Each structure stands twice: as C-alpha cells, then as structure tokens.
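For reference, the structure discussed in these notes is given below.
Each ligand, and each atom within it, is numbered from 1 in the order the structure gives. On a predicted model such as this, the values are computed, not experimentally measured, just so you know. Counting begins at 1 with the first residue of the sequence.
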Amino acid sequence: MGALRLLGAVDEGATLDEAAALTERLPPPDRARARRLALEVLRREDRCDLLLAPMLARRPRPEIMRILRLATVEMLALAEAPHGAVNAAVALARASGQKGQAAAGMVNAVLRKVAGAAEPWARLSPQKLPAWLRGPVVAAWGEAVAAAIEAAHEAGAPLDLTPKGADCPGEALPTGSYRLPAGTQVSALPGYEAGDWWVQDAAAALAARLLDPRPGERIADLCAAPGGKTLQLAAAGAEVTALDISQPRLARVAENLSRCRLSARLVAADALDWRPDQPLDAVLLDAPCSATGTIRRHPELPRIRDGAGLTELTGLQARLLDHALTLLKPGGRLVYATCSLLPAEGEEQLAAALARHPDLTVEPPQAPGIEPGWITAQGGLRLRPDLWPERGGMDGFFIARLRKTAGRT
Ligand SMILES: C[S@@+](CC[C@H](N)C(=O)[O-])C[C@H]1O[C@@H](n2cnc3c(N)ncnc32)[C@H](O)[C@@H]1O
C-alpha cells in the first residue's frame with residue numbers, strides 16, 4: 001500500500017523524497033520496503049507496460065495500472081512468490097473504490113499470465129532514457145553507451161561510504177570509497193554514531209579528492225548542501241566555508257558535520273553575492289544541475305522532468321564559475337563538478353570557461369583509482385553509471401580541476 005501511495009505521488013509530479021511524508025506513519029521496516037518497491041517499479045515502468053499491453057483488453061485507470069506494475073516487478077524482477085503478489089494486488093484493487101471490485105477479476109487474470117511470463121520479460125530491454133536526455137548521450141558516446149547507462153539505471157545503486165579516517169565498513173574501492181550492497185541499513189553500520197564515515201557515491205567523492213585539500217588551506221565549498229564534499233574538505237584539515245543558498249539544506253550540512261565531529265563555517269547566501277575577506281587557496285563548485293547523473297538513485301527524475309530550464313541552469317553554472325574564479329588568490333585552484341550526464345553541463349562548460357578565461361588551465365585529474373579512459377581530451381573527468389560495471393557502477397559526474405595561473409581571469 002505504501003509503495004502505491006509513493007507511485008501515485010510520482011504520477012502527480014512529486015519526487016520520491018517529496019512523497020516520503022505519505023509513508024511517514026508506517027513502521028520503519030514497512031516504510032523502507034515501500035520505498036524500495038517504488039524504486040524498483042520506477043526503474044522498470046516501461047518494461048512492465050510493454051509486457052502488460054498485449055494482456056490487457058484496454059488500458060485500465062492509472063491506479064489499477066500501478067497495482068499491475070507493482071505485482072509484475074515483485075514477481076519477475078524481485079522473484080517474490082506469485083501467489084502472495086497476486087493476492088495482495090487483488091486485495092489492493094478491491095480496496096480501490098467502487099470500480100475496484102470489477103477490476104479485481106481482471107487484475108487476478110492478468111497477473112496469473114504475468115507469473116508465467118519470465119521469458120518475454122527477460123527479452124525486454126531496460127527502460128530507455130527520455131528523448132531530451134538520450135539524444136545528447138547518444139551524440140556524445142554512442143548508442144551502445146546509452147544502452148549500457150540504461151542497464152546501469154535499471155540495476156540501481158549500491159551504498160557507498162567515504163571514510164573520515166582509516167575505519168570504514170564495506171569493500172574498499174580503488175578510489176578510496178567503500179561499497180556495501182543496496183538496501184544496507186545505514187544507521188546500523190559500525191561507526192555511524194561515532195561519525196567515522198558518511199554516505200557518498202564513489203563518483204561524487206572524487207570531486208574533493210581532485211581538489212586535494214591540505215591542512216590549513218582556506219577553501220570555500222560554494223554549493224555545499226547536504227555536505228558530503230564539505231565533510232571531505234574538513235576531514236582533510238582545511239579551513240572550510242560551506243555556503244548554500246538554501247538555509248534548510250544548510251541545516252543538513254550542520255547535522256552531518258556534527259555527527260562526524262568536523263567543523264566548517266556555514267554561510268547561507270547566494271554564492272554569486274558572496275566574497276571572503278581574503279582570497280582563497282581553493283574553491284569547490286559543485287554547481288546546481290539537472291542531476292541526470294543520479295537516475296540510479298532517483299529513477300523518477302526522467303518521469304517528472306522534461307529538460308526544460310536547462311538553458312537557465314547552464315547560464316547559472318557559467319556565472320557561478322566566473323564568480324568563483326574571482327575569489328581565488330593568483331595560482332589558486334578550483335574544482336568544477338556537476339552530477340550530470342549532459343555534456344552541456346560538463347564538457348561544454350569547461351570548453352566555454354577556457355575560452356572566456358585565457359589564463360585558466362586544466363590540470364590532469366590525479367587521484368588513486370582514476371582510470372585513463374575516464375579523462376576527456378580536454379583534461380576533465382567524465383564519470384558515467386556504466387563505468388565499473390563489474391563493481392556496480394557509479395553516479396554520472398563531470399569534474400574538472402582548474403588553476404588560475406595569473407592575477408586576472
Ligand atoms: C549539487 S547540490 C550540492 C551537493 C553538495 N556539494 C554535496 O556534496 O553534498 C547543489 C546545491 O547548490 C545550491 N545552490 C543552488 N544555487 C545556488 C547559489 N546561487 N548559491 C549557493 N548555492 C546554490 C543548492 O541549494 C544545492 O544545495
């Protein structure tokens with residue numbers, strides 16, 4: 001029932017995080033299962049619809065369609081017992097208002113067919129990216145990479161941790177993050193209370209690693225919330241100013257710093273209006289973006305976004321980058337990052353910044369575990385969900401380390 005509420009809210013345009021209040025009253029294990037099921041369905045909606053279409057005389061109303069998809073995913077993707085999934089779906093259909101009684105018979109008949117459809121299900125391809133995103137991805141890396149990204153999106157994301165010091169649960173990754181299976185209960189892991197680590201995707205953790213913060217350096221994290229990168233900078237001993245335009249989101253940075261027993265100066269402000277008292281050694285600019293690199297964790301994103309507003313976003317990214325450069329001392333360094341699969345927010349931003357600022361140079365990404373194939377011709381780092389397939393992938397990111405070589409950029 002909880003998963004259906006979440007899926008209904010996404011159909012209305014909400015993100016899963018925004019819809020979370022709908023399951024707030026459920027006991028924690030039920031709430032976790034509702035979210036997990038909703039994620040698994042959202043990763044396979046198109047696949048469900050393709051399988052179901054020939055089994056349906058006509059497309060049922062949205063609520064019944066959601067019940068059918070949920071039971072299909074339970075049986076065919078999660079290998080749950082058919083009789084339990086079918087009975088639960090029939091009960092949900094019955095409970096769904098006056099027309100539910102009539103729909104219950106159809107739901108029962110269709111799901112019995114679905115239970116025997118493992119072979120056609122396995123032949124269906126993973127859900128395609130929406131056209132506004134697929135076009136630029138295919139143009140940049142080709143059809144095979146787009147298909148591999150789609151497969152990675154369907155597979156979902158493991159849980160990655162960044163260690164504060166040496167101790168961290170999970171399997172060590174070459175880049176310094178630690179990996180645990182998806183669905184691991186974070187608060188039950190050793191070191192949670194002590195703040196020995198924090199949750200952060202392995203790709204996201206590379207932005208601060210490329211900046212290579214040193215003890216005592218004055219560094220600003222200009223778009224800091226919820227704070228994963230601020231924690232990395234503070235753990236390295238830098239004197240960090242963590243800035244975010246959103247006060248509520250900045251409160252999450254404060255919580256995360258407090259759990260990990262780290263400190264930073266917090267500033268709620270528009271980065272475009274902010275200046276430090278003295279020029280900075282380094283700036284981390286993890287700019288607001290389409291977040292299309294995080295679809296493994298937010299599979300509803302392609303459903304509720306249509307690519308509108310991208311021009312405004314890329315304009316803001318360029319203005320933030322230009323402003324960030326003015327905050328650096330001569331010779332200072334800046335890492336620009338976006339969790340995006342769109343070259344317009346990554347490779348093209350870097351090219352445009354280099355054209356606008358002749359005394360800006362790109363420094364090759366240097367950090368343990370970086371593979372040569374991830375480095376672009378211009379010296380940026382292009383990370384995609386289809387990389388590390390044998391390890392469980394990573395989020396999509398573009399990261400570039402820049403050096404301001406002279407006084408003026
Ligand atoms: C990609 S998220 C940052 C994630 C963060 N760096 C981390 O690692 O946890 C982008 C952040 O930029 C903030 N933001 C957007 N526009 C901003 C602006 N003009 N000035 C400062 N922060 C801004 C948003 O509130 C959001 O928290």
Could you tell me, atom by atom, which parts of ligand 1 come under 4.0 Å of a heavy atom of [X]?
X: Ala224; answer: 5 (C), 6 (N), 7 (C), 9 (O)
X: Gly227; answer: 7 (C), 9 (O)
X: Asp286; answer: 1 (C), 3 (C), 4 (C), 5 (C), 6 (N), 7 (C), 8 (O), 10 (C)

Where Asp160 and Ala202 come nearest, the two heavy atoms and their spacing:
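Closest pair (atom of Asp160, atom of Ala202, distance): OD2-N, 2.8 Å.
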Minimum heavy-atom separation for Arg391 to Arg179, with atom names?
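In terms of heavy atoms, the two residues are closest at O-NH1, 2.9 Å.
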Answer yes or no for [X]: is there a heavy-atom contact with ligand 1 below 4.0 Å?
X: Cys339; result: no
X: Leu222; result: yes
X: Ala269; result: yes
X: Pro226; result: yes

Quick one: nearest non-hydrogen protein atom to [atom], plus distance?
atom: atom 14 (N) of ligand 1; value: Ile245 CG2, 3.6 Å
atom: atom 8 (O) of ligand 1; value: Lys229 NZ, 2.8 Å
atom: atom 15 (C) of ligand 1; value: Pro288 CG, 3.5 Å
atom: atom 11 (C) of ligand 1; value: Asp244 OD2, 3.6 Å

Distance only, no hydrogens: is a donor on one side chain within 3.5 Å (strictly under) of an acceptor on the other, for Glu345 and Ser290?
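Yes, Ser290 and Glu345 have a side-chain donor paired with an acceptor closer than 3.5 Å.
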Side chains of Asp273 and His323: any donor to acceptor distance under 3.5 Å?
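Short answer, no.
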Of the options Leu327, Asp286, Leu334, Leu284, which is the one that meets Leu222 in a side-chain contact (heavy atoms from CB on, under 4.5 Å)?
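For Leu222, the side-chain contact (heavy atoms from CB on, under 4.5 Å) test succeeds with only one of Leu327, Asp286, Leu334, Leu284, which is Leu327.
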Does the Trp121 side chain pair with the main chain of Val114, one donor and one acceptor, at a distance under 3.5 Å?
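Checked: no pair found.
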Given Asp221, Leu313, Asp270, which has its nearest heavy atom closest to atom 18 (C) of ligand 1?
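When every heavy atom of Asp221, Leu313, Asp270 is considered, Asp270 comes closest to atom 18 (C) of ligand 1.
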Of the listed options Ala225, Ala205, Ala337, closest to atom 4 (C) of ligand 1 (non-hydrogen atoms):
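Result: the heavy atom closest to atom 4 (C) of ligand 1 is in Ala225.
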Is it possible for you to check whether Arg261 lies under 6.0 Å from the centre of the six-membered ring of Trp198, through NZ or CZ, and within 45° of that ring's axis?
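No, cation not above the ring by the 6.0 Å, 45° rule.
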Hey, does [X] come in under 3.5 Å of ligand 1, counting only N/O atoms on both sides?
X: Cys223; result: yes
X: Gln200; result: no
X: Ala271; result: yes
X: Arg249; result: yes
X: Leu243; result: no

Run through Trp388, Phe397, Phe398 and flag the one making a ring-ring contact (aromatic ring centres under 6.0 Å, His included) with Trp374.
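Single pass found, and it is Trp388.
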